[in-house]
J.: 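So that we are looking at the same thing, I have put the structure below in structure tokens.
Just so it is clear, the model here is predicted, and its values are computed rather than measured.
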Protein chains: 2
Amino acid sequence: MEDVARRAGVSRALVSLVMRGSPKVSEQRRAAVLRAAAELGYSPHAMARSLASRTSTVLGVLVSDLHNAFFAEVVDGLDEAASAEGFELIINTGGRSAPRERRAVASLLSFRPAGLALLGPVVPASAIAAAAEQGPVVLVSRSSRLSAVDTVNDDGQTGCGLAVDHLVSLGHTRIVHLDGGGGSQSGTRRRGYLAAMRRHGLPPVVVPSEYTDAAGARAVRELLASGPPPTAIVAANDLNAIGAISALEDAGLRVPEDVSVVGYDNTSLAALRHISLTTVDQPRMEMGRLAGQALLERVRGQRTTPVRHLLEPKLVVRATTAAPSPSTVLDTTGDPA
Amino acid sequence: MEDVARRAGVSRALVSLVMRGSPKVSEQRRAAVLRAAAELGYSPHAMARSLASRTSTVLGVLVSDLHNAFFAEVVDGLDEAASAEGFELIINTGGRSAPRERRAVASLLSFRPAGLALLGPVVPASAIAAAAEQGPVVLVSRSSRLSAVDTVNDDGQTGCGLAVDHLVSLGHTRIVHLDGGGGSQSGTRRRGYLAAMRRHGLPPVVVPSEYTDAAGARAVRELLASGPPPTAIVAANDLNAIGAISALEDAGLRVPEDVSVVGYDNTSLAALRHISLTTVDQPRMEMGRLAGQALLERVRGQRTTPVRHLLEPKLVVRATTAAPSPSTVLDTTGDPA
DNA sequence: TCCAACCAATAGAGCGCTCTAACGATCAAC
DNA sequence: GTTGATCGTTAGAGCGCTCTATTGGTTGGA
């Protein structure tokens, strides 16, 4: 910076003004400074700038698990919102372990970021509260009552309700839910399923499972071993649905002719023609964008009250759901297991 | 820091030594400082530290496209290598556009990172050379002759060779390749296919396609319309293979009974029981880890000569490949289109 | 007893920048 | 011709830390 100033024949302070795009610099000086900077290949040192100005253009992001494509897409949306406003993302992962996550948050905070986005964090609420004292915090796929933090979630309860409604409207009555187990949002989805079944006056059946391909297949095998098959399945998520479908096919049942299957998430998987899964869309990119916007609003001091985004899920009907076949319906009434 | 020093009854310099874990501090003073720091909730300011020490614990990462699960997994591996050594990742995306990528690199460099990882960059080589002057650079999914940059790539040529060898060993002779078009590494894969076919004395057939589900289906429809089907297909990648499979099935051909299909990448897709795709594994996490390690070796000054990782691909045999059925072989010989 | 050697601890400069306050210059107004 | 605004420009302190050089206090050997 010193060198640029000397070369342009001005003071360091003037170089600083030019670099910050200040309007109170005459055109000729500005040009001289920019030329000198270009000739010397100078570009401002972001960290020194941040230190001196006591501001930050960095957003800290904690991803509980980057393996998970869900979060990768949320990060994508976050990145879009951040880079549009000249902010950078500094990313750490927690590996789904609270102690590691804690360290990751501490490490992020040591950079004094303008704000913090926690994606599917597993740390206790107290840790989140502590982080919120250092600056704005936004949570994705996790709720909070703290007024200092914003949240972005999808409404899994409504989403599962949509799935059940769709199946009922096709004529299904024996609809089973594969439960997501310890996975995030599994409780919400289960409640949505139960509420919808009650609303339609149908008997709910919940089979424990997990958010994986293999678990979906296992659950279906257990289900088939325990009695006559249902006519429809509301799976824990897309992966789980795909596992369920393959187990159904292995057992000689056709999808959707014999059994309809609905997934959850609308991952890119679901759209593959070979799978063409009816599923509930969860707008991950959008969730990332909203999280980024919420954070930036706080950073800019435009808002101090918490925001709770609860995204409206949408049903995406593809090829894995259809009306139950008459024979199946007959079977069912003839054999009320 | 001042406050901590005062509270512990020592100088600022001593606090600094304790925070850096220096061995030349007496146990009692160390304890006093740590206690004072804990009481005041003090933690060192990473940017100020970096500025003063003229060192950085940040690695800049440019991801050409975070939408792409491939790169998300590479970032995952990179993160693993970096965080194991106390480094942080600061991430920017380029959106597959050279100008945007250039800006992203400039922005990353303004943080004076210890090193830079460029994942599938599309900027011209000159831009990479310019970045390499500022510090160590590692390239993933892109090659370079610059001695200042390390590279990590998979050996797509060998990989496609493995796929062809596998099919030939099953008895296939009419093996078609769906080409990846403008996608990265598509040329290498095509060359691998052509070389292997030549080696086996078989006539190569390359059908233009792309790295997508829909393109794979389209290519197969065109292929089927133009004459009798091949007995095997080496697809551009997994997604392309899945599209190909669904088009084959739509045409009434069974996989693998009538046509065998091999993918490329071994994405999580391929492992789904419902798909169970024979494919060539490209170790993305490992590539990220290697990239991180290469960068850190340079950062620590342990190496100044370039490293060129060319990862050995592995064939993963699943359920989409089998010996050609006798009837198909007969058909072929009877109708040499 | 004296000095070199060593150790824990510290003073103070400086990393690359921003920002406040002050500066000289220009100009309209009286 | 003086005043007061206004404007472009600058000096210099300071952001939170590290690091070199130095200090004072022990210790061990001659």
J.: Should A:V105 and A:V123 count as side-chain neighbours, where that means a heavy-atom distance under 4.5 Å?
T.: no

J.: What pairs of residues pass the side chain to side chain donor-acceptor pair (under 3.5 Å) test when at least one of them lies in residues 284-301 of chain A, not counting sequence neighbours?
T.: A:E73-A:R284, A:E80-A:R289, A:E85-A:R300, A:D150-A:R298, A:E286-A:R289, A:E297-A:R303

J.: Measure the shortest side-chain to side-chain distance between A:M1 and A:H45 over non-hydrogen atoms and say whether it is less than 4.5 angstrom.
T.: no

J.: Starting at the 5' end of DNA chain C, write a dot or bracket for each base, bracketing those in Watson-Crick or G-U wobble pairs whose two distances are under 3.5 Å and using | for partners on another strand.
T.: ||||||||||||||||||||||||||||||

J.: How does each nucleotide of nucleotides 23-28 of chain D score, in 5' to 3' order, for protein heavy atoms under 4.0 Å: base (B), sugar-phosphate only (S), or none (-)?
T.: ------

J.: Does CD in A:Q28 sit with more than 12 non-hydrogen atoms of other residues, nucleotides or ligands closer than 6.0 Å?
T.: no

J.: Quick one: pull up OG1 in B:T188 and CG in B:D154 and give me the separation to the nearest 0.5 Å.
T.: 8.0 Å

J.: Can you name the salt bridge (charged side-chain N to carboxylate O under 4.0 Å, His left out) partners of A:R35, sequence neighbours left out?
T.: none

J.: Does a side-chain heavy-atom distance below 4.5 Å link B:L311 with B:M287?
T.: yes

J.: Within the structure provided, determine whether A:V63 and A:V75 are in side-chain contact (heavy-atom separation under 4.5 Å).
T.: yes

J.: Give the first and the last nucleotide of DNA chain C, reading 5' to 3', that has any atom under 4.0 Å from a heavy atom of chain B.
T.: C:dA8 to C:dG16

J.: Evaluate the criterion side-chain contact (heavy atoms from CB on, under 4.5 Å) for residue pair B:D3 and B:R7; output intermediate values, then yes/no.
T.: CA-CA 6 Å; B:D3 299 339; B:R7 186 171 192 118; over 6 Å; no

J.: Once salt bridge (charged side-chain N to carboxylate O under 4.0 Å, His left out) is applied, do any residues pair with A:E2, and if so which ones, sequence neighbours excluded?
T.: none

J.: For residues 109-119 of chain B, which side-chain donor-acceptor pairs fall under 3.5 Å, sequence neighbours excluded?
T.:
unit_1, atom_1, unit_2, atom_2, d
B:S110, OG, B:S107, O, 2.7
B:R112, NH1, B:L109, O, 3.1
B:R112, NH2, A:S43, O, 2.7

J.: Would you jot down, in residue-number order, the residues of residues 36-53 of chain A having a non-hydrogen atom under 4.0 Å from DNA chain D?
T.: A:L51, A:A52

J.: Using heavy atoms and a sub-4.0 Å distance, could you list which residues of residues 23-33 of chain A are near DNA chain D? By number, please.
T.: A:K24, A:V25, A:S26, A:R29

J.: Step by step, work out the side-chain contact (heavy atoms from CB on, under 4.5 Å) result for A:V307 and A:V138.
T.: CA-CA 9 Å; A:V307 130; A:V138 64; over 6 Å; no

J.: Taking side chain as C-beta onward, heavy atoms only, is B:I128 less than 4.5 Å from B:V149?
T.: yes

J.: Any chance you could measure B:S56, atom OG, to B:R49, atom CZ, to the nearest 0.5 Å?
T.: 12.5 Å

J.: Which ones in residues 10-21 of chain A lie close to DNA chain D, meaning a heavy atom under 4.0 Å from one of its atoms?
T.: A:V10, A:S11, A:R12, A:A13, A:L14, A:L17

J.: Pairs in or reaching into residues 90-104 of chain A: which pass side chain to side chain donor-acceptor pair (under 3.5 Å), with residues at least two apart or in two chains?
T.: A:N92-B:E88, A:T93-B:D79

J.: Do B:P121 and B:S64 make a side-chain contact, defined as non-hydrogen atoms from C-beta onward lying under 4.5 Å apart?
T.: no

J.: Let me confirm one number: the CD1-CG distance from A:I91 to B:L89, rounded to the nearest 0.5 Å.
T.: 7.5 Å

J.: Carefully, step by step, assess A:N237 and A:T267 under the rule side-chain contact (heavy atoms from CB on, under 4.5 Å).
T.: CA-CA 9 Å; A:N237 69 352; A:T267 52; over 6 Å; no

J.: Please examine the side chains of B:V25 and B:R30, heavy atoms only from C-beta on, and report whether any two atoms are closer than 4.5 Å.
T.: yes

J.: Output one line per pair: protein atom, nucleotide atom from nucleotides 4-6 of chain D, and distance, for all N/O pairs under 3.5 Å.
T.:
none

J.: Are any of the side-chain heavy atoms of B:F87 and B:V299 separated by less than 4.5 Å?
T.: yes

